[in-house]
Q: 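One structure follows; several queries about it will come next.
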Amino acid sequence: MVVLFAAVMVHLLRTYGHSPGVWVDTLIENLFVEDCLKHSKCTVVGAGATVGIFHSAGYFNWRALLEWFGWQAEGTFHVFLVINALGVVLVALAARRLSGPFAAGIAAILMTMSIGVPTQLDVISDVVPMPFLGAVFLIAALTATSNPSLGMTAMLGLIAAVAGNFYATGLLLGVSALTISLGQAQRRWLHFFIAGLVFGIATFSLSPGTWLVNAQVMRVKRVGNANALADHPVFSIFMVKLAMLAAVFWLLSWVLRSSHRRSLNLLAAIFLPLLVPIVLGSKFGRLDPQPKYVAHVIAAVSVAIAIPLVQIGAWLGEALVALRPTIGRQVQRVATLAAPYAACAFIGSGLATMDEVASNQTILPFKYQDLSAAEQALAAHGWSWEKAARNLKAVDEMVRRSAVRWVPEWPKTGQTDDLERAYLLKVPSPMVPRPLPATVSEVRHSNVETTLVGFTCSWIDWKSFRVCTRTANGGSDTCVDSGLPANPEGHSDYDLELPGMPKLDARSRETQIMTIHLNLTPRASCPEEWIYMPRQPGICLGRIVGVDGSPAQVESEGRWVRLKQSEAGAPTPKEVAIEWELGGPNCTVEYRGYPPFFVEGDPQSAAFLAMTLERQWEFR
Amino acid sequence: MTPRRLWTFLLIVAAILACHPKPKLKSVRRVNDHIGESFKRLVDEHRFANLLPPGWTVDHFSATGERLELGLADTSGGIHSIELLLTAPPEPGADAGTPAVVDGAGSIFQYRFLKRGETPEASAALMAAAGLIDANTPDTAFTIFTEPPPPPLPPQLAMGMSVSKPVALLIATIESLIIIAAIVMAIVIPLRRRPGED
C-alpha cells in the first residue's frame with residue numbers, strides 16, 4: 001500500500017504539477033477563507049451552487065484550517081493531491097478485502113483514471129476532496145457491515161455529514177448510510193435510527209446556516225440547474241458510464257447468484273443513491289449533470305467494477321487450467337503475485353491518465369506559480385498591489401483577478417504612475433522570439449511554456465472613463481462615468497460589475513452595445529500610442545469606433561489605431577471610443593463586468609504583444 | 001442485505017420525495033418593448049416639454065427587466081438621471097426589486113436619483129418626468145413570467161450567518177478528526193466476515 005501511495009503521488013505530481021491552476025471558484029473560496037482568518041467572520045452558510053442551494057461551509061472552514069497551519073495555495077494543493085492518493089490506497093484496501101489483490105489493482109487503476117480534471121484535481125475547489133471522502137466512507141462501510149456495531153454505524157453518519165458539508169452531493173452518502181444500516185443482519189432498525197440521528201445532528205451542527213438557508217430556499221423556489229448554458233448529456237460522463245456498468249454487474253450478480261452479490265449490494269448502496277437521481281434528474285430536465293457530481297461515488301464504482309472483472313478473470317483462468325493445467329496454474333500464480341506491482345507500475349508510469357483529462361484542459365492554462373512569478377517581476381519593477389490592481393492586464397480576466405487577489409506578497413507601496421501597463425501572457429516556449437524586447441520580462445520558462453510580462457507606456461489612464469450602453473436593436477445611449485478603483489475590495493469581484501459597467505444576463509438573448517470612451521494623455525515619454533483589438537476565442541470581440549468622435553484613423557475594421565502626439569498645427573487626440581457587443585456570440589461568458597482585454601501602449605511594445613497574441617493563436 | 005430490502009428502502013424514499021409538496025412557482029414581471037412605444041408617444045405628444053423647465057430636454061431613456069432609466073439634459077448640457085424600479089408585485093411573493101434609496105414612488109415604480117445632490121430644480125423635473133411615465137405606462141408594457149429567470153448568485157457573503165475564527169477552526173478540526181478516526185477504525189478493525197454474510 002505504501003508503494004501504491006507513492007505510485008499515485010508520482011502520477012498526480014507528473015500530471016498536475018506542484019501548483020494549482022487558476023480557477024474562478026478558487027477566488028470565491030479565497031474570499032470566504034480571508035473573511036474567516038482576517039476578519040473572524042467564518043461562514044456557516046457556504047457558497048451558492050448552480051442548482052440554487054448553498055453548500056460547502058464545512059469545506060471552507062477546513063480550507064481556513066489549512067491556511068491557518070500555513071498551507072497556502074501550493075500547500076493546500078499538495079494536501080489535496082495527498083488525500084486523493086490516500087483515497088486510491090483506501091479503495092485498493094477495500095477491494096483487496098472484498099476480492100483479493102487483483103481487485104485491489106484494478107480498483108486502484110480505475111480510481112486513478114477517474115480522478116483528475118473531472119474532479120477538479122488540477123485546481124483548488126470543494127469538489128477535490130470528494131473522491132477521498134467517498135473512499136473513507138467505503139472503507140468504513142465495509143468495516144461497519146463486516147463488524148456490525150452501533151459505533152461504526154454512527155461513524156458512517158458522521159462521515160456522510162462531513163461529506164455533505166464539504167460538497168452538497170455528499171449528502172447522498174447519508175442515504176447510503178441509512179441503506180447500509182438497514183441491511184445489517186441484526187438490530188437493523190436500531191442501526192437505521194442511529195445512522196439517521198447522527199447524520200442529521202452532525203450535518204446540521206457542522207454548518208447550521210447552510211441548512212436553515214436551504215430550507216428557506218427550497219420553500220420559495222424550484223431547485224435545479226437544467227437548461228444550463230453548457231449542456232452535459234448524462235451518459236457522456238465517464239463515471240456515469242462506469243456506474244451504469246457497475247449497476248449492470250450488481251444486477252447480474254443476483255441473476256447468476258454470484259458469491260460476490262452481497263459485497264456488490266454494499267457498493268450499490270453507495271453509488272445508486274447518486275446514479276438514480278442524476279440519470280432521472282437529467283432525463284426529466286431538472287438537472288444539468290456534471291462530472292463533479294459523481295466524485296464521491298468513484299471509490300464505490302471502482303470496486304464494484306473490479307470485483308466482477310476479477311470474477312470473470314478467475315473463470316477464464318479456470319478454463320485455461322482445464323485446457324492446459326500446467327501453464328494455466330503458472331499463469332494464475334504469476335498473475336496473482338504480480339498484479340499489485342503491475343498496478344503500481346501502471347499508475348506510476350502515468351498510463352492511467354485518460355485522454356479525456358488532457359482534452360478538458362485549456363491550452364496553456366495559468367497556474368499559481370505563474371502569478372507568483374509575475375508578482376515578483378512586477379514588484380522588482382516597483383509595482384505595488386494598488387498599481388497592479390489597476391494596470392495589470394491579462395487575456396483572461398480571471399487570470400488578472402487571480403494575480404491581484406491570490407498572490408499574497410504584493411508590496412503595499414511603490415510607483416504611482418498610472419500610465420504604465422503590464423501584460424501577463426503565457427505562450428508556447430518555441431514561439432517566443434529571441435532576444436526579447438527590453439520591455440518584456442520572462443518570468444517563468446520551461447521547454448513547453450513561457451510566462452511573460454510585457455510593459456507598455458500608455459496614454460490611457462484607467463482611473464476614469466465613460467461607459468455608454470444601448471440595446472442592439474436601437475435606442476439611445478445611456479452613459480455613466482466609471483473607472484478602475486484605487487483600492488478594490490475583494491468581494492466586489494464576486495458576481496458584481498465594476499461600478500458603471502453594464503450587467504449582462506448570459507441567458508438573455510438581448511444584446512447590448514457597450515462603448516467605452518477613454519481619455520488620452522499624450523506626453524513626451526510616449527509620443528505614440530497604438531491600440532490593438534485581438535480577435536481570438538476567449539476575448540470579447542471589440543472594435544475601435546473612433547478617435548475624438550471620428551472613425552478616420554481607425555484601421556482594419558476597428559482592429560488597430562495608431563495615434564501620434566500632435567505636431568505643430570495638428571489637433572491632439574483626446575479620446576478613443578471602443579465598442580463591444582455584450583451578449584453576442586463572442587462576448588457573453590467572456591465578459592465579467594470589467595473592461596474587456598485589448599492591447600494599448602507604445603508602438604514597439606504594443607506591436608510585440610499583438611504579434612505574440614496572433615502567433616500564439618496560430619501556433620495553437 | 002437483500003435487494004428486496006434495498007429496493008423497499010429506495011421506494012420509501014421515492015414515495016416521500018414524490019409526496020413532498022412542490023414549491024410554489026413565483027411570478028415576476030418585466031417591462032417589454034411596449035414601454036418604448038408608450039415613452040415615444042409621450043415624447044411625440046410633447047408631454048415632457050410641457051412639464052420640464054424651459055430649455056430642458058429628454059437626453060436618454062432605457063428599459064431593462066425591472067428598471068427604467070430616464071436622463072434629462074438641462075440648458076447647459078448637464079445630465080440628470082432617475083431610475084424607475086418596478087415595485088408593485090402582480091401577486092404575493094413575487095420578486096420585484098426594491099431600491100436601497102427611494103426618492104419617490106408612483107403606482108407602478110419607485111424612483112431613485114442616480115446622482116446624489118441634485119438641485120431642487122433638477123429633482124422636481126426628474127420627479128415630474130418619472131411621474132408622467134408612471135402614470136402613462138399601460139398594462140401591456142409588462143410581461144409576466146410564471147417562472148423566474150435563474151436567480152443571481154445569492155449574496156451569501158453578506159448573509160451575516162457566521163461564526164468566529166476559533167469556532168470555525170474547531171469545526172474544521174472536528175471534521176478532520178472524524179475522517180482520521182474513520183480511517184483508523186476501518187483499518188484497525190479486522191474483517192470478521194464479508195458484508196452480508198450471516
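A quick note: this is a predicted structure, and the numbers were derived from the prediction, not measured. Letters go in sequence order (proteins before strands), and every chain restarts at 1.
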Q: For A:Trp62 and B:Ser176, which heavy atoms make the closest approach, and how far apart are they?
A: NE1-OG, 3.2 Å

Q: From B:Ile183 CD1 over to A:Ile83 CD1, what is the distance, rounded to the nearest 0.5 angstrom?
A: 9.5 Å

Q: Side chain, backbone, both or neither: which part of B:Thr173 has an atom under 4.5 Å from a heavy atom of chain A?
A: both

Q: Is it the backbone or the side chain of A:Phe137 that comes under 4.5 Å from a heavy atom of chain B, or both, or neither?
A: neither

Q: Of the listed residues (A:Ile139, A:Leu206, A:Ile159, A:Thr471), which shares the most heavy-atom pairs with chain B below a 4.5 Å separation?
A: A:Leu206

Q: Which atoms form the tightest heavy-atom contact between A:Val136 and B:Ala182, and what is the distance?
A: CG1-CB, 3.8 Å

Q: What residue in A:Leu178, A:Leu156, A:Leu133 has the most heavy-atom pairs under 4.5 Å with chain B?
A: A:Leu178

Q: Measure across A:Cys36 and B:Ala168 and return the closest heavy-atom pair with its distance rounded to 0.1 Å.
A: SG-CB, 3.8 Å

Q: Drop me the distance from B:Leu169's CG to A:Cys42's SG, to the nearest 0.5 angstrom.
A: 6.5 Å

Q: Can you name the closest pair of heavy atoms from A:Asp477 and B:His60 and give their distance?
A: O-CB, 3.1 Å

Q: Report which part of B:Glu175 has an atom under 4.5 Å of a heavy atom belonging to chain A: side chain, backbone, both, or neither.
A: both

Q: Run the numbers on B:Leu170 and A:Asn61 for side-chain contact (heavy atoms from CB on, under 4.5 Å), then give the verdict.
A: CA-CA 9 Å; B:Leu170 177 66; A:Asn61 291 332; over 6 Å; no

Q: Between A:Phe60 and chain B, which part of the residue has a heavy atom less than 4.5 Å away: side chain, backbone, both or neither?
A: neither

Q: Show your reasoning for whether side-chain contact (heavy atoms from CB on, under 4.5 Å) applies to B:Met161 and A:Thr43.
A: CA-CA 6 Å; B:Met161 296 183 76; A:Thr43 182; over 6 Å; no

Q: Ignoring hydrogens, what is the shortest heavy-atom contact between A:Met155 and B:Ile178? Give both atom names and the distance.
A: SD-O, 3.9 Å

Q: Mind checking the NZ-NZ spacing from B:Lys165 to A:Lys38? Nearest 0.5 Å is all I need.
A: 11.0 Å

Q: Which bit of A:Val276 is near chain B, if near means a heavy-atom gap under 4.5 Å: side chain, backbone, both or neither?
A: neither

Q: Answer yes or no: is there a side-chain heavy-atom contact under 4.5 Å between A:Leu90 and B:Ile187?
A: yes

Q: I want to check something: taking the side chain as every heavy atom from C-beta on, are A:Thr143 and B:Met185 in contact at a cut-off of under 4.5 Å?
A: no

Q: Can you tell me how far the CD1 atom of B:Ile174 sits from the CG atom of A:Leu65, to the nearest 0.5 Å?
A: 11.0 Å

Q: Looking only at non-hydrogen atoms, find the nearest pair between A:Ser476 and B:Asp59 and report the distance.
A: OG-O, 4.4 Å

